[in-house]
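Report on the following structure.
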Amino acid sequence: MKLTILGGGGFRVPLVYGALLTDRGEGRVTEVVLHDLDDDRLRAVARVLAEQASTVADAPTVTTSTSLDEALRGADFVFSAIRVGGLEGRAHDERVALDEGVLGQETVGAGGIAYGLRTVPVAVDIAQRVARLAPDAWVINFTNPAGLVTEAMARHLGDRVIGICDSPVGLGRRIARVLGADPREAWIDYVGLNHLGWVRGLRIAGRDELPRLLADPGLLGSFEEGKLFGADWLRSLGAIPNEYLHYYYFNREAVRAYQQAERTRGAFLRDQQAHFYQQVRDPGKKALDVWNRTRAEREATYMAENRETAGAGERDADDLSGGYEKVALALMRAIARDERTTLILNVRNRSTLSVLDGEAVIEVPCLVDANGAHPVAVEPLPDHATGLVCAVKAVEREVLAAAESGSRATAVKAFALHPLVDSVNVARRLVEGYTAVHPGLAYLA
């Protein structure tokens, strides 16, 4: 079975390959093709993967290609983890927004819109090529903003594109852990959009244990989201929000912290990864050791400004292990082998949330089998959550319309309608600022 990884020179690719190395039995991935526009990065990552596979018998073969069409032909699965504009583009997204006093995070607020406007045209081109060159392939999208990009691709691939994210997985794992339960045996009632969702219940042996967690200040304060949001706010919500909702619920504090930071997150990752790729070019260094050290630093500093604002301290060691690669592997196994499982995924709504139309991509528990991912029926969201979900989905639709039409006015509308951008004039200046620094936005007229 052939897996093509788009963005194959990306830093996180060894996580996916490491998960593949643990897979055994019929229907496993035997061939991995890494595609990237940067041949130097491809060689660097291929070297890390070779060291990962050095002690594993029958490891999937790895080849590299800078030709997208060549990489896609014959693929059974396509894993998309591209970054249009690179980390330099992310750093620009953050800085332009912060200079206007609004959030520039890569998936939330102005930064997420700018990233989406750059990425959607590329993602649509990929989807069209997959439909033509590998029509039977399943596309697993990790490219951010994951829900928006998945929806753009679904217009050409239907249900054969599925978005994944590690945030809900990590959240469910942490809640189950503090409740003393095995995450594999827990049913997580989670619903929303990508990076905009809430855990409303966690059932263990048929019993909802979330009320027990909400009633115990000690338990609430013992894990990441409890430290970020505070026990009182979580009890007020009656739910546990995805960590990215910290940017909404504590927006002013987050913007201030990011403005005061020495470097934005994108600038930090840009510099860190440049150092990583430079080191891996040295034949005297073990590439896998360099990657492991760099990854440990990356994970430990994740959302550092938010944790500092909340006084949450350092990340727990158990939260540094990632997770999206395990979701990707479980998804591929379920489809390829008909190993039925339940995963929280980004899929078309159908009739799951009545406040959204059937084509809207949402993040929700899904039953997965050989026929793909099927969203599970969920209870309606409370009004406060419904308002945020509908507002942000409306923004995503404007981003898709701007990307399709090339309309600058529609792009301004997308920024202006976002809950975290509070001025039409700011929206206009954001579009001016982003088009000035991003060649990929030259299509807006």
Check your understanding: Under 4.0 Å between a Lys/Arg side-chain N and an Asp/Glu carboxylate O for Asp232 and Arg235?
Key -> yes
Point to revise | Backbone of Asp369 reached by a side-chain donor or acceptor of Asp338 within 3.5 Å | key: no
Check your understanding: Are the charged groups of Arg270 and Glu94 less than 4.0 angstrom apart, N to O?
Key -> no
Review point. Do Glu225 and Arg174 sit within salt-bridge range, that is, some charged N less than 4.0 Å from a carboxylate O?
Key: yes
Review point. Salt-bridged, Arg293 to Asp289, with N to O below 4.0 Å?
Key: no
Practice item. For the pair Thr386 (side chain) and Leu381 (backbone), establish whether a donor and an acceptor sit closer than 3.5 Å, ignoring hydrogens and angles. Key: yes
Point to revise | Arg350 side-chain N/O to Pro375 backbone N/O, donor-acceptor pair under 3.5 Å | key: no
Review point. Does the side chain of Asn144 pick up a donor-acceptor pair with the side chain of Thr107 at under 3.5 Å?
Key: no
Practice item. Give a yes or no on whether the backbone of Leu202 and the side-chain of Asp208 come within a donor-acceptor separation of less than 3.5 Å. Key: yes
**Study point:** Under-4.0 Å salt bridge between Asp159 and Arg348
**Key:** yes
Practice item. Examine distances only and state if a side-chain atom of Arg298 and a backbone atom of Leu269 form a donor-acceptor pair shorter than 3.5 Å. Key: no
Point to revise | Glu151/Lys393 salt bridge by N-O under 4.0 Å criterion | key: yes
